[in-house]
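Note sheet for the following structure.
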Number of protein chains: 2
Amino acid sequence: MDAETALAGLPPGRKDNLRLWLRLLTCATLMEREIRRRLRAEFNTTLPRFDMLAALDRAPEGLTLGEVSRRMMVSNGNVTGLASRLEEEGLVERRLDANDRRAFRLRLTPLGAREFARQSRAHEVWVNALLAGVTPADRAALHALLGRAKHSIAEGSA
Amino acid sequence: MDAETALAGLPPGRKDNLRLWLRLLTCATLMEREIRRRLRAEFNTTLPRFDMLAALDRAPEGLTLGEVSRRMMVSNGNVTGLASRLEEEGLVERRLDANDRRAFRLRLTPLGAREFARQSRAHEVWVNALLAGVTPADRAALHALLGRAKHSIAEGSA
DNA sequence: CCGCAATGCTTTAAGCTCAAAGCATGTTGC
DNA sequence: GCAACATGCTTTGAGCTTAAAGCATTGCGG
């Protein structure tokens, strides 16, 4: 919904934060939709799958499901199903943790690592293309400002 | 040469856009999670329901399901279920369109309008609180920069 | 006026997501 | 050592989301 348009004529002040939030959300949503679309079209996969592979790719020694859940910032019930689907496809494997019989260590299979490398390369190209219209100066400024916004949001939801 | 000068002169890194995208996504996600959490805790509702009420609130004469789907930027199959659930709860009503027997016009019931007004007020307070740590100057700068980013993203996904 | 494409909505199947409840194992305090 | 609490994972139930297929109606070209 183009909520920004709806708010465009109102007097400034009380609703500035609302406008900022809607614009932030619009940017993130547009970008995310495009990335999801391409992951589906070119790799027949999804963003959560890609994110899980990315988390595991950064941890060659593997991660417990709980660690994955924290890094992906999703519920632990969520990663169970995700891991199972990726395991079925042979991209990931659960192996028993030697020290804790409650836990698994999840790791990429060689196939999973190869797949992620392919997807990751394409992903970087897509992101660069989507943000190609942002100048280096704007990019640096945005990065800094979003850093402060992130801090504010984290405070506010603590 | 101090660190800042050195940084300022560095060639743009290949992964700067990736970092920017990650940070943008983090901000949006943190904020959205908190808003979803509070909608659930305080109003026992969800963000998509709130969004649909918001779309209808701006259109007192009602909207067809297709119009709602376009404004919310979701699939048309999506709004069918959402509308049905809100209809069951008495917040929304489908009435036959006089001119087109394929279409419904969806509108808020008086109860729906009252509910949305309550939720909307709280929502504005939450957003203000979450962004309270962003100064007015930063807010204006962010808004402008995100406007350019939005344009770039829209170009890139056309 | 008739055929047929376009439009508006719903249904279906698959996947993602969460909160809450449950089970197995680990850890701590007594 | 054992009770009680904590941790790691899975299951369950509900809702959101999409793409694709299907049905009904509209509107257009011939």
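Hydrogens, waters and symmetry mates play no part in the numbers below; they use all other heavy atoms, side chains included. These numbers were taken from a predicted model, which means no experiment stands behind them. Lettering of chains follows the sequences in order, A, B, ..., and the numbering in each one begins at 1.
When rounded to the nearest whole Å, the span between CZ of B:Phe104 and C1' of D:dA24 equals 11 Å. Between A:Asp51 atom CG and C:dT17 atom P there is a gap of 8 Å when expressed in whole angstrom units. Distance, B:Phe43 CZ to D:dG15 C1': 20 Å, rounded to whole Å. When rounded to the nearest whole Å, the span between CG of A:Asn76 and P of C:dT25 equals 18 Å. Distance A:Arg40 CZ to C:dG15 P: 10 Å, rounded to the nearest Å. Protein atom CG of B:Leu63 is 10 Å distant from nucleotide atom P of C:dC9, rounded to whole Å. Taking atom CG of A:Leu47 as the reference point, atom P of C:dA14 lies 22 Å away to the nearest angstrom. We find that CG of B:Leu106 is positioned 14 Å from C1' of C:dT10, with the value rounded to whole Å.
Using a 4.0 Å cut-off, no side-chain N or O of A:Arg70 falls inside it from OP1 or OP2 of D:dC9. In this model, the phosphate group of D:dT17 is not approached by any side-chain N or O of A:Arg33 to a distance below 4.0 Å at OP1 or OP2. Within the 4.0 Å cut-off from OP1 or OP2 of C:dC18, at least one side-chain nitrogen or oxygen of A:Asn78 is found. For the pair A:Arg101 and C:dA24, the criterion of a side-chain N or O lying under 4.0 Å from OP1 or OP2 is not met. Taking 4.0 angstrom as the limit, A:Arg49 places a side-chain polar atom (N or O) nearer than this to OP1 or OP2 of C:dC16. Taking only side-chain nitrogens and oxygens, A:Arg94 comes nearer than 4.0 Å to OP1 or OP2 of D:dT10. One finds no side-chain N or O of B:Thr80 lying less than 4.0 angstrom from the OP1 or OP2 phosphate oxygen of C:dT11.
Note on A:Asp97: nothing from the nucleic acid sits closer than 4.0 angstrom, heavy atoms only. Using a 4.0 Å heavy-atom criterion, one finds that B:Gly66 contacts the sugar-phosphate atoms exclusively.
Side-chain to base pairing of B:Arg102 with D:dT26: no donor and acceptor N or O lie closer than 3.5 Å to each other.
Nearest-nucleotide mapping onto DNA chain C: of A:Asp100 and A:Gly81, the residue sitting toward the 5' end is A:Gly81. Nearer the 5' end of DNA chain D, as judged by each residue's closest nucleotide, is the contact made by B:Arg85, out of A:Arg37 and B:Arg85.
A salt bridge links A:Arg37 with A:Glu34; the closest basic N to acidic carboxylate O contact falls under 4.0 Å. Look at A:Glu89 and A:Arg85 and you find no salt bridge, because none of the NZ, NE, NH1 or NH2 atoms lies under 4.0 Å from a carboxylate O.
With hydrogens and angles disregarded, a donor-acceptor distance shorter than 3.5 Å links the side chain of B:Glu87 to the backbone of B:Arg94. Of the possible polar contacts, none joining the B:Thr64 side chain to the B:Arg105 backbone as a donor-acceptor pair under 3.5 Å is found. For B:Thr109 (side chain) and B:Gly90 (main-chain N/O), a donor-acceptor pair under 3.5 Å exists by modelled atom type.
Among the nucleotides C:dC9, D:dC16, D:dC9, the one closest to the side chain of B:Leu65 is C:dC9. Closest approach to the B:Pro48 side chain among C:dC18, D:dC9, D:dC16 is made by D:dC16 (side chain taken as heavy atoms from C-beta onward). Here C:dC9 is the nucleotide among C:dT25, C:dC16, C:dC9 with the atom lying nearest to any side-chain atom of B:Ala103. Considering only side-chain atoms of A:Leu82, the nucleotide from D:dT17, C:dT17, D:dC9 that sits closest is C:dT17.
When hydrophobic clusters are built by joining Ile, Leu, Val, Met, Phe, Trp and Tyr residues whose side-chain heavy atoms come closer than 4.5 Å, directly or via intermediates, B:Leu22 is grouped together with B:Leu20.
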